[in-house]
Amino acid sequence: MKYRTLIRWVALVVLAVMLPLVSVYAQTPAVGSLDYGSAFQLQNLSGNVATVEIEFFEASTGSLISAATVQDTIDAHGTKNYFAVQVDGLPDSFQGSAVVSSTEELRAISNLYANSFAYGAASAGYNDGATTVNLPLIMRNNSGYSTWVSIQNAGGVDAIVEVEFAAGPVGSSYTTAPITLKPGAAKVLDQSVDAALGTKFIGAATVRSTNGQPLVATAVEVGPTILFAYEGFSAGDPALFAPLFQYNNSGYVTSLNIQNAGTVEAEVTVAFSPSGTNGTACSETLTIAPGSMEVFGFNSFALAGNECYQKNPGTRFIGSARVVGNSTSQPLVGIVNQVNFAANKGSAYDGFSPDQGSQCISLPMIQDRNSNYWTSVNVVNAGTSASDVTIEYSNSTITDVFTLVPGESRSVFNYGQLGVGYVGSATVRGSNAGDLLLVIVNQVNTVDTTHDTLYTYSGFPIVCPAP
């Protein structure tokens, strides 16, 4: 069998991947004054050597750049990195998309960087497209932060696309004129220059194909010194999980931004559960209009008078968050922003529905002091039974083993664990066939306190490999 992966790049390069979607950029002045670049990592999930082909397409026309096609192999259970700027045949300034084909099943993540790695963000690849894609957090001039959105046609004929912007706490709602996208082509919408949103906008967006073609979309949040990226959602769920939520944790704070992807108003309650003794449990309830969004956690932990502040008055909180109340059972989608303003670090990751959980999770990129980068693995049990969790690392005899009761989370730090310079992958495995484990991975360089060197991606559910 031949696996075909549409890889979409966030920002100026969008890759459509039939397995994972990754982003590829080549030193392109993208949105605003930043110079973007990108790299993506492919993980071979099988026990056989994978033969891969990577094809690149020019963004506006979708035309194949045949001179840039990459032929390669990836070892069994191995990983490989690809930097767009190192691909022969791509122009020095490139904006486009890519397709990865493989003889074996792959997973992928993409790392987006800007201004010679002064900014960084990461997102996971996409398996396929959808006719409706939800983006829970869109901004214009929000304390120096704005977003831009990259949309790609993952279908076989021209797609007619409309984007509906719904104001949340502030801004003006509107819907774009129809946009035509050729197969494989991508379009970037820059909210920083979109006056129709109002002087300041905090809200959400819904991307729709009006002629039935599948789409993929990614949003990038750009601040004065920090870059975030997250994947668009093709479906919502009445319940959501965030495997890592932190506040006043060595300078890090978090917000959970939830969009109502349904058709009627919903009163939503989010419960924040500490990991061990790292804080006190609390909750927050807000009402979300259809299509719009609200911010959970950030103000509740920061402002006196709120429950989470009262129970955690300026103290450290490390744990997870989940939706425990949804008055009208509307489908919800959400993204988590985690930021350390003093250290100029920030990243985003997608919230999970419980059914995205799995007994086994693939993590394509794990590091230990690799050019000062290291990773943390953050796991939450979204199931209804306790699970004995094991993390196995490629090319290493090290394992992590711990037990999680339902709703409990755990953070595992790889710094000093796997050896200086370690770069590899990992598999998270629960002890029960019906386990629903959810995982996100932070990649960070804590030696560099000037640049945004925090990247986050979500783990991929997989069929458990043989022990």
Side-chain angles (χ1 to χ4, degrees), residues 1-9 13-24 38-57 64 66 68-84 86-88 97-111 122-129 152 154 156 184 214 216 231 356-367 375 377 390-396 399 422-430 433 437 439 441 443 457-467:
M1 179 180 294
K2 190 173 187 180
Y3 295 88
R4 190 167 181 264
T5 300
L6 283 176
I7 297 186
R8 194 190 98 236
W9 288 87
V13 184
V14 178
L15 314 182
V17 183
M18 258 16 257
L19 278 179
L21 267 161
V22 276
S23 308
V24 194
S38 65
F40 62 100
Q41 178 145 1
L42 301 179
Q43 180 185 18
N44 179 2
L45 298 185
S46 84
N48 304 313
V49 173
T51 300
V52 301
E53 179 182 74
I54 306 171
E55 296 177 310
F56 295 86
F57 297 82
L64 172 68
S66 57
T69 299
V70 174
Q71 306 284 348
D72 204 355
T73 60
I74 303 176
D75 291 340
H77 301 298
T79 60
K80 276 197 175 178
N81 282 309
Y82 300 88
F83 281 81
Q86 296 175 352
V87 174
D88 293 336
S97 58
V99 173
V100 175
S101 300
S102 172
T103 56
E104 305 295 331
E105 190 175 0
L106 305 177
R107 291 294 183 267
I109 60 167
S110 62
N111 285 337
S123 59
Y126 297 75
N127 290 336
D128 50 29
Q152 185 187 18
V216 292
E231 307 96 30
Q356 289 177 284
S358 177
Q359 181 187 2
C360 288
I361 305 291
S362 168
L363 308 178
M365 171 68 90
I366 296 294
Q367 304 178 74
T375 49
V377 179
T390 301
I391 305 177
E392 298 176 331
Y393 302 93
S394 64
N395 303 315
S396 175
T399 59
Y422 176 88
V423 180
S425 58
T427 299
V428 179
R429 183 193 297 262
L437 302 180
V439 184
V441 176
Q443 310 170 79
Y457 71 89
S458 303
F460 296 98
I462 58 171
V463 175
C464 290

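Note: hydrogens, waters and symmetry copies are ignored here, and every other heavy atom, side chains too, is used. Numbers here simply count residues along the sequence, with the first being 1.
For the pair Tyr422 and Asn395, the tightest heavy-atom approach, listed with the atom from each and the gap, is CE1-O, 4.3 Å. Taking every heavy atom of both residues into account, Gly459 and Pro461 meet most closely at O-CD, 3.8 Å. The two atoms that bring Pro364 and Ser425 nearest to each other are O-CB, 3.7 Å, heavy atoms only. Leu42 and Tyr82 get closest at one heavy-atom pair: CD1-CE1, 3.8 Å. Across all their heavy atoms, Ala426 and Ile391 have their closest contact at CB-CG2, 4.2 Å.
Under the side-chain hydrogen bond (donor to acceptor under 3.5 Å, both in side chains) criterion, Thr427 pairs with no residue, sequence neighbours left out. Scanning for side-chain contact (heavy atoms from CB on, under 4.5 Å) contacts around Thr51 gives Thr73, Thr103, with sequence neighbours left out. For Val423, the side-chain contact (heavy atoms from CB on, under 4.5 Å) partners at least two apart in sequence or on another chain are Met365, Asn370. Partners of Ser362 under the side-chain hydrogen bond (donor to acceptor under 3.5 Å, both in side chains) rule, at least two apart in sequence or in another chain, are Gln43. The side-chain hydrogen bond (donor to acceptor under 3.5 Å, both in side chains) test applied to Ser46 returns Asn44, Glu104, not counting sequence neighbours. Applying the side-chain contact (heavy atoms from CB on, under 4.5 Å) rule to Thr375 yields the partners Ile366, Gln367, Asn414, Val441, Gln443; only residues at least two apart in sequence or on another chain are considered. For Asp72, the salt bridge (charged side-chain N to carboxylate O under 4.0 Å, His left out) criterion is met by Lys80, not counting sequence neighbours.
Looking at heavy atoms from C-beta onward, Arg429 lies in side-chain contact with Cys464 at the 4.5 angstrom threshold. Contact annotation: the side chain of Phe56 approaches that of Val70 to within less than 4.5 Å [non-hydrogen atoms, C-beta and beyond].
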Practice task
Start with the C-alpha distance between Leu363 and Tyr457, add both sets of side-chain angles, then the distance that settles side chain to side chain contact (heavy atoms under 4.5 Å, CB included), and finish with yes or no.
Solution key: CA-CA 9 Å; Leu363 308 178; Tyr457 71 89; 3.6 Å; yes

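A distance of 5.5 Å separates OG in Ser458 from CD in Glu231, rounded to the nearest 0.5 Å. Rounded to the nearest 0.5 Å, atoms CG (Leu437) and CD (Gln356) are 13.5 Å apart. In this structure, Gln41 CD and Thr79 OG1 are separated by 4.5 Å, a value rounded to the nearest 0.5 Å.
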